[in-house]
Amino acid sequence: MDFMITEVVKGLKQLYNQDVEESLISIQDTRKEFEGQATIVVFPFVRFSKKSPEQTANDLGEYLVANLEVVTAFNVVKGFLNLSITNSYWMDLFNTDLLRPDFGKIPSNGKKVMVEYSSPNTNKPLHLGHVRNNLLGYSVSELLKANGSEVYKVNLVNDRGIHICKSMLAWQKWGEQETPESSGLKGDHLVGKYYVIFDKEYKKEIEALKLTGQTEEEAKKNAPLIREAQAMLLAWENGDEGVISLWKRMNGWVYDGFAVTYKNLGVDFDKYYYESNTYLLGKDTVDEGLEKGVFFKKEDGSVWIDLTADGLDQKLVLRADGTSVYITQDLGTAQMKFDDFGMDESIYVVGNEQDYHFKVLFLILDKLGKSWAKGLYHLSYGMVDLPSGKMKSREGTVVDADDLIAEMVATAKQKTEALGKVDNFSEEEKESLYYKIGMGALKYFLLKVEPKKRLLFDPAESIDFQGNTGPFIQYTHARIKSLLSKAGFTAGVLVDNQIELSATELEMIILLAKYPAEIAAAAKTFSPASLANYIYEVAKMFNKFYHEIPPIVKEENEQLKQHRLNLSWVTANVIKDGMRILGIEVPERM
RNA sequence: GCAUCCAUAGCUCAGCUGGAUAGAGCAACGGUUUUCUAAACCGUAGGUCAUAGGUUCGAAUCCUAUUGGGUGUACCA
């Protein structure tokens, strides 16, 4: 439609002798109730046309009909100029653009982007909140790749700290040498079990201390368990061999467990970073900031930054004893990541409870004069809520990722079997299909919602297989595949551009043609959700088309048959490719 | 208190840089299968876009205030 904008600019120049920015011209789809396919809003032009909106639209309409061959007619409704465009224009577009095997592939834009996501703690298994993070991180990565960027996916593992020591200590005390092998538990679940035990015992100690007259706060500080955990952390930092080897052993169990969950989720990483390696970073950056006068030192030796002029608070960046806080290592890690990859943009996929932290982090890096600071972006997403309230991992009231996956696959199995369409599938094919459908439902459900919005997850009712869902889209794809094979479709056969198009066929071409623009728009806003909703539109449109025309397989007019198959083929390609970006597989049959 | 995000149909969500009569799905009700997969399609019903102002030819969209909710405001990570 770019040629249309160019022509409108020329027309306005000729009609009213006015130069107009292209951005002032908005071309949109004509609403169904009116004649035409493209609509130009003329209100912005009346200022210089000095005529009524209707008259202005008429002038422009006449100009376009006279000067553009593809525009055959126009009508004016209020300030809206509706243009009728020849079918052959759309057919040419379809033939030369959409039918190309590489339709939807966007050439490289030369940008390097890092996406950091997942970032789990190694003291407990992954839960539903992590699932949202992982799916978002993975699909945003794929989205940016599809838009022509070079993407590095990294996972910064939080493998040290007091919370890790809690699991370790509890295992030491009550674990009786239990291992994943001896217990049959997945490694991350085993470790998580001891994290919960720690919390339970810790709470008991607090209650006991409160009975002796201590306040809640004192009791929390003085409980023997927490003191032991702190001592363990200190020993760890001092390189105590016993603690380190226990740490390695238990972390190993967790990684084995995570590997399984990641595989099931279909996510992967180009590089892992570990906080046990990065937690001392950032002190150089602090020195740098002091030199540049960005930071200042208080009498006690602690280092701060004053952000009150930016509407934020004073923020500690280094303790008086010289040890790091959270933001210290994030400053150092940001520098290290840039030194490693030299990326133009860096996306942090982290929940919205850390909005403030990242605001501060990016602001500090900018004040330090880091040229790359403007390429940093916090992809913030809302929490996943349950009808019963919040998930609390310490209390074990979470929706566990592995349980959820298993449940989804089981539901897919049950629903598929009830439909009785898989009788001629092998056992292996069945298992693979149930997995694809179950995960498709889960992934689509989580991804179709705008990241920054909170998401309500009702295990009993939320996951559906009808309507705007993953399986609906998968089903549409499978249906097209079945159609193409029954009809003996060959790709790459062009149909004469004079062929008659139905209203739905025309709508489909227009919708499908938007695919590359949809990818670009979704990439720009880091939002898989908009792409997900677009794919749904495509699938819905196909189903409508499929129902309102007679069976294609039996169509005797070869041109018509080939054209309808072409249309189906492009639809299937767009669905498959779009779903791939979302990290969702589409089966060939279901 | 301050900061920040959110509020659209009974429920879950769309609604692009302001554009025409605000759209889907689920749930409810009715219909469609001797023809390519009915996990589909068609129809009915369902709305004061939280409230009140403002800007504009035009506001769900932008601005201000108010209400309700989430999150943050740690020398935790």
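Atom-to-atom, CD of A:Gln354 to C1' of B:G70 comes out at 16 Å; the value is rounded to the nearest Å. With rounding to whole Å, A:His477 atom NE2 is found 17 Å from B:A40 atom P. Per the geometry, CD1 belonging to A:Ile27 stands 16 Å off P belonging to B:A20, to the nearest Å. Going from atom NZ of A:Lys359 over to atom C1' of B:C2 covers 11 Å, rounded to whole Å. Regarding A:Lys221, its NZ atom lies at a distance of 13 Å from the P atom of B:C75, rounded to whole Å. Between the CZ atom of A:Arg160 and the C1' atom of B:C76 there is a distance of 11 Å, given to the nearest Å. When the C1' atom of B:A77 is taken as reference, atom CH2 of A:Trp236 falls 14 Å away, rounded to whole Å. Rounded to whole angstrom, the span from the CZ atom of A:Phe526 across to the C1' atom of B:C16 amounts to 17 Å.
The partner of B:C13 is B:G23, judged by Watson-Crick or G-U wobble contacts that both fall below 3.5 Å. Base-pair partner of B:G46: not found among the strands shown (Watson-Crick or G-U wobble, both distances under 3.5 Å). Across all strands shown, B:U32 pairs with B:A40; the Watson-Crick or G-U wobble distances both stay below 3.5 Å. Using N1 to N3 plus N6-O4 or O6-N4 for Watson-Crick, or N1-O2 and O6-N3 for G-U wobble, each under 3.5 Å, B:U56 pairs with nothing. Pair assignment for B:U4: B:G70, on the basis of Watson-Crick or G-U wobble contacts that are both within less than 3.5 Å.
You'll find a donor-acceptor pair under 3.5 Å spanning the side chain of A:Thr39 and the base of B:A20, going by distance alone. Contact annotation: side chain of A:Asn123 to base of B:A77, donor-acceptor pair absent below 3.5 Å. Put simply, the side chain of A:Lys554 and the base of B:U35 share no donor and acceptor less than 3.5 Å apart. A donor-acceptor contact under 3.5 Å is not formed by the side chain of A:Asp29 with the base of B:C16.
Residue-level contact check: A:Lys421 touches the bases, meaning some heavy atom is under 4.0 Å from a base atom. Among the atoms of the strands shown, only primed sugar atoms or phosphate atoms (P, OP1, OP2) are found under 4.0 Å from some heavy atom of A:Glu450. Among the heavy atoms of the strands lying under 4.0 Å from A:Pro44 is at least one base atom, whether or not backbone atoms are also near. At a threshold of 4.0 angstrom between heavy atoms, the contacts of A:Val77 include nucleobase atoms, whether or not backbone atoms are also involved. Across all strands, A:Leu318 comes closer than 4.0 Å to no nucleic acid atom at all (heavy-atom distances). Within 4.0 Å (heavy atoms only), A:Asp300 reaches at least one base atom of the nucleic acid. Contact annotation for A:Lys415: no contact, since no heavy-atom pair falls under 4.0 Å across all strands. As judged by a 4.0 angstrom heavy-atom cut-off over every strand, A:Phe465 is placed among the base-contacting residues. Counting any heavy atom pair closer than 4.0 Å across all strands shown, A:Leu233 reaches no nucleic acid atom. Residue contacts for A:Thr469: at a heavy-atom cut-off of 4.0 Å it reaches no nucleic acid atom on any strand shown. A:Val41 comes within 4.0 angstrom of a base, heavy atoms only. Contacts of A:Glu275 with the nucleic acid, taken as non-hydrogen atoms under 4.0 Å apart, involve only primed sugar atoms and P, OP1 or OP2. Here A:Glu537 lies out of heavy-atom contact (under 4.0 Å) with every strand. Among the atoms of the strands shown, base atoms are found under 4.0 Å from some heavy atom of A:Ala478.
A salt bridge between A:Arg564 and A:Glu555 is present, with a side-chain N of the basic residue lying under 4.0 Å from a carboxylate O of the acidic one. Salt bridge present: A:Asp29 and A:Lys514 bring a charged side-chain N and a carboxylate O closer than 4.0 Å. Contact check on A:Arg160 versus A:Glu237 returns a salt bridge, with a Lys/Arg side-chain nitrogen under 4.0 Å from an Asp/Glu carboxylate oxygen. Comment: A:Lys166 does not engage A:Asp199 in a salt bridge, judged by the lack of any side-chain N to carboxylate O separation of less than 4.0 angstrom. Using a 4.0 Å cut-off between a side-chain N of Lys or Arg and a carboxylate O of Asp or Glu, A:Glu450 and A:Lys452 do not qualify as a salt bridge.
Take the nearest nucleotide of RNA chain B for A:Val422 and for A:Lys448: the residue whose nucleotide is more 5' is A:Lys448. In this structure, A:His163 and A:Asn352 both approach RNA chain B, and ranking their closest nucleotides by distance from the 5' end singles out A:Asn352.
Taking only side-chain nitrogens and oxygens, A:Lys486 comes nearer than 4.0 Å to OP1 or OP2 of B:U37. Remark: A:Ser482 is in phosphate contact with B:U37, judged by side-chain N or O atoms under 4.0 Å from OP1 or OP2. At B:A39, none of the side-chain N or O atoms of A:Arg589 fall inside 4.0 Å of OP1 or OP2 (strictly under the cut-off). Between B:G70 and A:Arg454, no contact under 4.0 Å exists linking OP1 or OP2 to a side-chain N or O. Residue A:Lys315 places no side-chain N or O under 4.0 Å from the OP1 or OP2 atom of B:C75. Within the structure, every side-chain polar atom (N or O) of A:Arg319 is placed at least 4.0 Å from both OP1 and OP2 of B:A74. For B:A14, the OP1/OP2 oxygens have a side-chain nitrogen or oxygen of A:Lys453 closer than 4.0 Å. OP1 and OP2 of B:C57 both lie 4.0 Å or more from every side-chain N or O belonging to A:Lys78. OP1 and OP2 of B:G72 both lie 4.0 Å or more from every side-chain N or O belonging to A:Tyr356.
Comparing B:C41 with B:U35, their C1' atoms are spaced 15 Å from each other, to the whole Å. One P atom belongs to B:C63, the other to B:G1, and the distance between them is 23 Å to the nearest Å. Rounded to the nearest Å, the gap between the P atom of B:G72 and that of B:G30 is 48 Å. Comparing the P positions of B:U32 and B:C16 gives a spacing of 38 Å, expressed to the nearest Å. If you take atom C1' in B:G46 and the same atom in B:C29, they sit 12 Å apart, rounded to whole Å. Nucleotides B:G47 and B:A22 are separated by 12 Å at their P atoms, to the nearest Å. A gap of 24 Å separates the C1' atoms of B:G19 and B:U64, to the nearest Å. One P atom belongs to B:A9, the other to B:C49, and the distance between them is 10 Å to the nearest Å.
Atom OG of residue A:Ser119 and atom CG of residue A:Asn133 lie 6.5 Å apart, to the nearest 0.5 angstrom.
Atom NZ of A:Lys220 has 12 or fewer neighbouring heavy atoms from other residues, nucleotides or ligands inside a 6.0 Å radius.
Between A:Tyr536 and B:A24, no base-stacking contact is recorded for ring centres under 5.5 Å apart and planes less than 30° from parallel. Under the stacking definition used here (centres under 5.5 Å, planes under 30°), the residue A:Phe43 fails to qualify as stacked on the base of B:G58.
Partner of A:Val570 under the side-chain contact (heavy atoms from CB on, under 4.5 Å) criterion, chosen from A:Leu565, A:Ile575, A:Val538, A:Leu512: A:Leu512.
No close placement of the A:Tyr348 and A:Tyr377 rings is indicated, their centers lying 6.0 Å or farther apart.
A cation-pi arrangement, defined by a distance under 6.0 Å to the six-membered ring centre and an angle within 45 degrees of its axis, is present between A:Arg589 and A:Phe425.
The side chain of A:Leu456 has B:U12 as its nearest neighbour among B:A39, B:U12, B:C36.
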